[in-house]
Enquirer: 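I have a structure here, written as structure tokens, and I will follow up with some questions on it.
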Amino acid sequence: MTTLSPHQTIEIIPFEGAPLGAEVTGLDLSQPLADEDFKRIHRAHLDHHVVVFRDQRITPEQHINFSRRFGPLQIHVLHQFQLSGHPEILIVSNVMENGKPIGLGDAGHFWHSDLSYKETPSLGSLLHAQELPAEGGDTLFANMHLAWDTLPQALRDAVKGRSAEHTYLAKYAELQKRSPWRPNLSAEQIAQVEPVVHPIVRTHPETGRRALFVSEHFTTRVIGLPEDESRDLLQALFDHSVCDEHVYRHVWREHDLVFWDNRSLMHLAAGTPDHLRRKMYRTTIEGDTPF
Ligand code: SIN
């Protein structure tokens, strides 16, 4: 469908000296988005893997509608933390109200790619800052194309043709023990997150670039290897993936909207001091089955 709206004067400014990321300037996402602008953002997302839109005073509906331009949205299994009236938005927050968490406070405490534990993991995620702490609260992104490109030959040989299991529950009990944010899951919720198997090296469906696709949070074992070999191989891949040369740290500003590509990256929430409030809204777009 062609959208007949005036296009805005946007610029894509890559982050200097960083292994990924660009800022998109001159765009107000509370206004209709012309097809021409959408195409440039889509291209920038593929090229830079993280695109940052500053100072976006958008409503949840506008956040959802912009996200939907890229594909159908996924609903997170933790329905407890959906934004009321907007199940497409997961609240990521350490805020407690009346003794109860209003959102998932420990989202992203281990490196991961969103929803890699699903048959069709997320294409991308859009995180919108609602309330930021005076210190901390950064998000780190690791470029998994670079991780593959620079992988030592011995590790390339070790992962050749191999797949790994991804499980939502991998670290759930550990997280539950150390934080107040993880509710007990119902049988219905557990049934929604059966373990899945994905290739360790995936091909980006739009650019054809290869990327490592294993994470500390959700990947539990390499299929067909003894437990100790599987653990050591995964650890070597995790360590290599997040070395400094592959990582960009996003320091949030008020009303930032950050859109990342889960097929190209892993991310990590660096953490917020307990006494400071942080509240974010997240949508996730459904992607393809990795190959
Ligand atoms: C996430 O893992 O999606 C949350 C990241 C963050 O809160 O910085």
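Atoms considered below: every heavy atom in the structure, side chains included; atoms not considered: hydrogens, waters and symmetry mates. In this text, all values refer to a predicted model and were calculated from it rather than measured experimentally. In listed order, ligands and their atoms are each counted from 1.
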Enquirer: Quiz question: by atom type and distance under 3.5 Å, do the side chains of His45 and Asp47 form a donor-acceptor pair?
Expert: no

Enquirer: Can I get a per-line list of side-chain donor-acceptor pairs under 3.5 Å for residues 81-91, giving both atom names and the distance, sequence neighbours left out?
Expert:
{"from": "His86", "atom 1": "NE2", "to": "Glu61", "atom 2": "OE2", "distance (Å)": "3.4"}
{"from": "Glu88", "atom 1": "OE2", "to": "Arg68", "atom 2": "NH2", "distance (Å)": "3.0"}

Enquirer: With a cut-off of 4.0 Å, which atoms of ligand 1 are near a heavy atom of Thr139?
Expert: 6 (C), 8 (O)

Enquirer: Among all the protein's non-hydrogen atoms, which is closest to atom 1 (C) of ligand 1, and how far away is it?
Expert: His267 NE2, 3.4 Å

Enquirer: Side chains of His267 and Thr139 only: does a donor on one sit below 3.5 Å from an acceptor on the other?
Expert: no

Enquirer: May I ask you to check whether Phe213 and His166 place their ring centers less than 6.0 Å from one another?
Expert: yes

Enquirer: Looking at His112, which atoms of ligand 1 are within less than 4.0 Å of one of its heavy atoms?
Expert: 2 (O)

Enquirer: Closer than 4.0 Å to some heavy atom of Val92 - which atoms of ligand 1 meet that?
Expert: 7 (O)

Enquirer: Output the list of atoms in ligand 1 that are nearer than 4.0 Å to some heavy atom of Gly108, sorted by atom number.
Expert: 2 (O)

Enquirer: In terms of side-chain geometry, is the basic nitrogen of Asp37 or Lys39 positioned less than 4.0 Å from the acidic oxygen of its partner?
Expert: no

Enquirer: Any non-hydrogen atom of His250 lying under 4.0 Å from ligand 1?
Expert: no

Enquirer: With a 4.0 Å cut-off on heavy atoms, is Leu90 in contact with ligand 1?
Expert: no

Enquirer: Say you draw a straight line from OG1 of Thr59 to NE2 of His128; how long is it, rounded to the nearest 0.5 Å?
Expert: 9.5 Å

Enquirer: Counting distance only, does the side-chain N/O of His204 pair as donor-acceptor with the main-chain N or O of Glu206 below 3.5 Å?
Expert: yes

Enquirer: How far is atom 3 (O) of ligand 1 from its nearest protein heavy atom, and which residue and atom is that?
Expert: Arg282 NH1, 2.8 Å

Enquirer: In ligand 1, which numbered atoms sit nearer than 4.0 Å to a non-hydrogen atom of Arg278?
Expert: 6 (C), 7 (O), 8 (O)

